[in-house]
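The residues of the chain are indexed from 1 along the displayed sequence.
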Amino acid sequence: MRRMTARPANAHQARLLRLLRDGGPNSRAQLGDQVDLSRSKLAVEVDRLLETELVVADGLAASRGGRRSHNIRLNPHLRFLGVDIGATSVDVAVTNAELEVLGHINQPMDVREGPVVVFEHVLSMAAKLRASGLAEGFDGAGIGVPGPVRFPEGIPVAPPIMPGWDGFPVREALSQDLGCPVMVDNDVNLMAMGEQHAGVARTVHDFLVVKIGTGIGCGIVVGGEVYRGTTGSAGDIGHIQAVPDGRPCACGNRGCLEAHFSGAALARDAMEAAEQRLSTELANRLESNGTLSAVDVAAAAAAGDATALDLIREGGNRTGQVIAGLVSFFNPGLVVIGGGVTGLGHTLLAAIRTQVYRQSLPLATGNLPIVLGELGPTAGVIGAARLISDHLFSPA
């Protein structure tokens with residue numbers, strides 16, 4: 001299996017690789033405009049990268065007067081694997097070195113089946129992508145999991161919705177199975193990295209990404225870099241108390257935001273409403289399907305069902321109250337709402353915005369966009385590919 005064996009030798013080479021990843025093919029002259037290097041030093045570093053085959057020549061650049069410069073680009077044969085494991089599904093994608101998605105597979109899957117079963121699925125999906133001719137092998141892989149991760153080791157730590165995963169050596173095990181370097185992070189951090197690379201946060205350096213799926217988490221980006229905290233648990237906002245002495249939560253506490261509004265909580269509330277015949281629309285869907293999900297609530301709301309709309313607004317209000325606290329504390333330049341529950345659309349977004357704009361100070365919210373993510377399910381896999389490329393495009 002082929003592998004990327006070279007790494008940048010110094011910070012200058014790492015900077016050039018990341019510029020080519022984020023900006024695509026570029027001329028030596030244009031790269032020189034973006035890095036603090038003399039022309040001769042730049043030529044030396046580019047030539048060394050060409051020798052490693054991390055970058056390749058890509059024809060002549062447009063003339064800027066005088067002798068035409070050569071374009072260079074990242075090696076088009078480099079391949080990264082992005083894996084985004086959710087509570088109820090998994091996304092696996094292969095990208096090139098510029099993080100363009102070349103192939104993407106999604107499959108339903110229950111994370112509670114444990115790491116061995118889940119990674120059998122992941123390896124099977126990766127093999128399908130390889131067999132399709134998109135990759136001979138992978139030069140690196142990024143993995144996102146829906147729980148806290150001790151980042152340097154790539155190990156989940158007591159994840160509330162992932163029984164059997166505590167302490168499992170994800171990074172080590174998958175590196176052996178895939179035959180390439182692996183990095184592991186919390187799934188919402190990867191969603192933030194994806195939106196930063198190719199989505200709505202491309203031009204913002206300080207922002208929050210709130211993922212509302214089966215659970216709730218928050219990716220924090222400060223100065224263009226993901227902030228993970230001392231141990232990797234930064235952004236675990238689903239377990240901030242939203243309702244004093246409220247519902248019991250999977251984490252063992254009561255009244256957590258996640259216990260009152262998340263994909264799982266919304267499905268439970270919809271079931272109760274349907275069983276009590278508070279909503280004809282939800283009752284009919286329950287009778288047809290045998291169960292209800294956030295998708296059913298979204299469909300009922302789109303049909304004008306008052307109970308479904310109330311459930312969405314109530315959840316949005318509670319989420320907005322927590323986000324308002326984050327905005328007052330962090331003063332971000334953007335808040336992005338993502339995850340499966342964003343299918344609830346603008347009813348949810350309006351409720352969140354109302355609470356944030358009402359509760360946070362005008363100085364923090366005067367020019368604060370609160371928007372839905374642009375990338376949907378590809379945000380996580382692009383972020384996963386960016387995670388491993390950040391690692392590989394750093395000096396060894």
Find out if a path of hydrophobic residues (ILVMFWY) with successive side-chain heavy-atom gaps under 4.5 Å connects [X] to [Y].
X: Val295; Y: Leu348; result: no
X: Val56; Y: Leu16; result: no
X: Val157; Y: Phe151; result: no
X: Phe329; Y: Tyr227; result: yes
X: Val204; Y: Leu190; result: yes

Do the non-hydrogen side-chain atoms of [X] and [Y] ever get within less than 4.5 Å of each other?
X: Thr95; Y: Glu100; result: no
X: Asn96; Y: Leu78; result: no
X: Leu54; Y: Asn75; result: no
X: Asp84; Y: Val90; result: no
X: Val226; Y: Ile220; result: no
X: Val335; Y: Ile337; result: yes
X: Asp110; Y: Thr88; result: no
X: Gln107; Y: His121; result: yes

Work out which heavy atom in [X] is nearest to a heavy atom in [Y]; give both atom names and the distance.
X: Asp91; Y: Pro377; value: OD2-CB, 4.0 Å
X: Gln359; Y: Ala324; value: CB-CB, 3.8 Å
X: Phe261; Y: Leu266; value: CE1-CD1, 4.1 Å

Looking only at side-chain N and O atoms, does [Y] offer a donor or acceptor that is under 3.5 Å from a partner on [X]?
X: Asn253; Y: His239; value: no
X: Ser394; Y: Arg18; value: yes
X: Asn10; Y: Glu45; value: yes
X: Ser279; Y: Asp305; value: yes
X: Ser175; Y: Glu172; value: no

Give a yes or no on whether the backbone of [Y] and the side-chain of [X] come within a donor-acceptor separation of less than 3.5 Å.
X: Ser124; Y: Glu120; value: no
X: Glu195; Y: Val200; value: yes
X: Ser262; Y: Ala265; value: yes
X: Arg7; Y: Leu392; value: yes
X: Ser288; Y: Arg285; value: no

Would Val118 and Met109 satisfy side chain to side chain contact (heavy atoms under 4.5 Å, CB included), going step by step from the backbone distance to the final call?
CA-CA 7 Å; Val118 168; Met109 180 219 58; 3.4 Å; yes
Which residue is it: Leu81, Val182, Val184? I am looking for the one with a side-chain contact (heavy atoms from CB on, under 4.5 Å) to Leu174.
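Among the candidates, only Val182 passes.
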Just checking [X]: does its [atom1] atom have more than 12 heavy atoms from other residues, nucleotides or ligands closer to it than 6.0 angstrom?
X: His205; atom1: NE2; result: no
X: Glu275; atom1: CD; result: yes
X: Arg254; atom1: CZ; result: yes

Nearest 0.5 Å, what's the [atom1]-[atom2] distance between [X] and [Y]?
X: Glu314; Y: His260; atom1: CD; atom2: NE2; value: 9.0 Å
X: Thr378; Y: Met191; atom1: OG1; atom2: CE; value: 9.5 Å
X: Ile240; Y: Leu326; atom1: CD1; atom2: CG; value: 5.5 Å
X: Ser360; Y: Gln321; atom1: OG; atom2: CD; value: 11.0 Å
X: Gln34; Y: Asp36; atom1: CD; atom2: CG; value: 12.5 Å
X: Leu349; Y: Leu372; atom1: CG; atom2: CG; value: 4.5 Å

I would like to know whether Ile155 and Arg171 meet side chain to side chain contact (heavy atoms under 4.5 Å, CB included); could you show each step before the answer?
CA-CA 7 Å; Ile155 296 174; Arg171 182 179 182 182; over 6 Å; no
State whether [X] and [Y] are salt-bridged, where the test is any N-O pair (Lys NZ or Arg NE/NH1/NH2 against Asp/Glu carboxylate O) under 4.0 Å.
X: Asp47; Y: Arg28; answer: yes
X: Arg150; Y: Glu153; answer: yes
X: Asp22; Y: Arg202; answer: no

Please report the C-alpha distance between Ser389 and Leu99 in whole Å, then the side-chain angles of each, then the deciding distance to 0.1 Å, and finally whether the side chain to side chain contact (heavy atoms under 4.5 Å, CB included) criterion is met.
CA-CA 9 Å; Ser389 71; Leu99 310 190; 4.2 Å; yes
Does the pair Glu136 and His77 meet the rule for a side chain to side chain contact (heavy atoms under 4.5 Å, CB included), with working shown?
CA-CA 9 Å; Glu136 297 173 22; His77 298 296; 5.8 Å; no
Does NZ or CZ of Arg79 come closer than 6.0 Å to the centre of the six-membered ring of Phe138, within 45° of the ring's axis?
no
